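Input: a single structure, listed below in structure tokens.
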There are 2 protein chains.
Amino acid sequence: MSKQAAPLTLADVTAEVFCCQPLAQHRVPAETAALLAPAFKALGDPVRLQLMSMIASAEGGEACVCDLTPAFNLTGPTISHHLKTLREAGLVDAERRGTWVYYRARPAVLRQLAALLSIEPATAS
Amino acid sequence: MSKQAAPLTLADVTAEVFCCQPLAQHRVPAETAALLAPAFKALGDPVRLQLMSMIASAEGGEACVCDLTPAFNLTGPTISHHLKTLREAGLVDAERRGTWVYYRARPAVLRQLAALLSIEPATAS
DNA sequence: TGTCTGTTTCGACAGACGTCGAGACAGTGG
DNA sequence: CCACTGTCTCGACGTCTGTCGAAACAGACA
């Protein structure tokens with residue numbers, strides 16, 4: 001059961017725990033890169049980027065698949081596939097409540113990614 | 001010459017000009033998603049994430065391909081391919097000086113991406 | 001000029017990705 | 001219990017991606 005072999009993804013990480021120095025200050029080590037790259041890859045599709053935004057900006061902090069799907073000219077299975085990708089990347093959590101499934105963003109993970117990309121205004125400017 | 005058809009990438013944008021509201025505050029419109037997704041996609045590979053970091057954190061703000069390549073167990077052409085990807089994503093600029101080619105990060109673009117992912121600490125928490 | 005080193009382009013290949021249709025599963029309501 | 005709706009999984013398809021080796025290109029230097 002406990003597949004130790006699985007390379008450990010962001011989805012497993014509590015995200016508060018581990019930390020990222022800004023990209024431009026310290027070289028990202030290989031393990032960190034391997035951990036974080038899938039999250040960026042997940043955001044690297046226009047549809048998923050919009051999905052992520054719709055979920056993160058939804059009032060109440062969560063969005064129903066039934067609201068997400070009609071916003072695109074794509075079939076249900078395709079949207080579901082993209083949502084799964086976001087889930088596996090650790091960017092969102094899903095919860096079923098009755099008939100509908102709700103997705104909500106994981107702010108801590110987004111913050112980590114933002115911190116990694118952050119660039120301090122040039123020293124003393 | 002002026003291929004209007006070309007969908008306009010981040011590499012063309014001055015990056016100071018256009019702006020990104022944080023993902024979690026306003027829905028990212030489709031055009032913005034199409035513009036920014038390639039940048040995230042480019043960062044969505046562990047090798048490129050490390051390359052980006054090595055370039056951005058290099059002293060003098062630039063890194064030589066000759067320093068980048070030996071840091072990976074990959075062939076020269078492969079590294080060159082990844083650097084091209086970063087270039088086309090608008091994340092880095094390249095300049096040839098004599099024998100060597102130097103890459104430097106485009107901080108404005110990184111800042112844009114960071115701003116997009118940034119999450120304000122929950123209002124009054 | 002010719003040769004050498006550093007970098008990129010080209011062509012090829014296996015594997016991953018985005019999309020779809022069909023079907024399976026979950027919950028609600030008759 | 002059965003039908004209906006919402007969501008996900010499965011299998012398939014064409015395309016894109018990461019990697020390589022071979023070859024082309026660019027500068028430096030003898």
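Keep in mind the model is a prediction, meaning the values are calculated, not measured. Below, chain A is the first sequence line, B the second, and so on; all start at residue 1.
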- Query: Base, sugar-phosphate alone, or nothing: which one does B:Tyr102 contact when heavy atoms must sit under 4.0 Å apart?
  - Reply: nothing
- Query: Quick one: disulfide (SG to SG under 2.5 Å) pairs with a partner in residues 49-102 of chain A, sequence neighbours left out?
  - Reply: A:Cys64-A:Cys66
- Supply the atom-to-atom distance A:Leu49 CG to A:His82 NE2, rounded to the nearest 0.5 angstrom. 12.0 Å
- Task: State the CG-OG1 distance between A:Asp45 and A:Thr85, to the nearest 0.5 angstrom.
- Result: 8.5 Å
- Reported CZ-to-CG distance for the pair B:Arg106 and B:Leu86, which is rounded to 0.5 angstrom: 12.0 Å
- Any side-chain heavy-atom pair of B:Phe72 and B:Met54 under 4.5 Å: yes
Please write out each protein N/O paired with an N/O of nucleotides 20-24 of chain D under 3.5 Å, distance rounded to 0.1 Å.
residue, atom, partner, partner atom, Å
D:dC20, OP2, B:Thr75, N, 3.0
D:dC20, OP2, B:Thr75, OG1, 3.2
D:dC20, OP2, B:Thr78, OG1, 2.8

- Outermost DNA chain C nucleotides near chain A [under 4.0 Å, heavy atoms]: C:dC17 to C:dT28
- Query: Which residues, if any, of residues 42-60 of chain B bring a heavy atom under 4.0 Å of DNA chain D?
  - Reply: B:Asp45, B:Arg48
- Message: Using only atom types and a distance under 3.5 Å, with no angle test, would you say the side chain of A:Thr69 pairs donor to acceptor with the backbone of A:Val65?
- Response: yes
- Message: Please confirm whether the shortest side-chain N or O distance from B:Lys41 to OP1 or OP2 of D:dC16 is below 4.0 Å.
- Response: no
- Item | Protein-nucleotide distance (A:Leu86, atom CG; D:dC8, atom P), rounded to Å | 12 Å
- Heavy-atom distance under 4.5 Å between the side chains of B:Thr78 and B:Val47, does that happen here? no
- Measure the shortest side-chain to side-chain distance between A:Leu117 and A:Phe40 over non-hydrogen atoms and say whether it is less than 4.5 angstrom. yes
Please list, one pair per line, the donor and acceptor atoms closer than 3.5 Å that link side chains of residues 87-95 of chain A to other protein atoms, with sequence neighbours excluded.
residue, atom, partner, partner atom, Å
A:Arg87, NE, A:Tyr103, OH, 3.4
A:Arg87, NH2, A:Tyr103, OH, 3.1
A:Glu95, OE1, A:Arg97, NH1, 3.2

- B:Ser57 side-chain N/O to A:His26 backbone N/O, donor-acceptor pair under 3.5 Å: no
- State whether the side chain of B:Ser118 and the backbone N or O of B:Pro22 hold a donor-acceptor pair below 3.5 Å, judged by distance alone. no
- Task: Return the value, rounded to whole Å, for the distance between atom CZ of B:Phe72 and atom C1' of D:dT19.
- Result: 14 Å
- Query: If each of B:Val65 and A:Thr99 is mapped to the nucleotide of DNA chain C with the nearest heavy atom, which maps nearer the 5' terminus, i.e. the 5' end?
  - Reply: B:Val65
- Quick one, which residues of residues 90-98 of chain A touch DNA chain D with a heavy atom under 4.0 Å? A:Arg96
- Item | Between CG on residue B:Leu51 and CG on residue B:Leu43, distance to nearest 0.5 Å | 10.5 Å
- Mind checking A:Ser80 for me? I need base, sugar-phosphate or nothing, with any heavy atom below 4.0 Å counting as a touch. base
- Item | Backbone of A:Ala42 reached by a side-chain donor or acceptor of A:Arg48 within 3.5 Å | yes
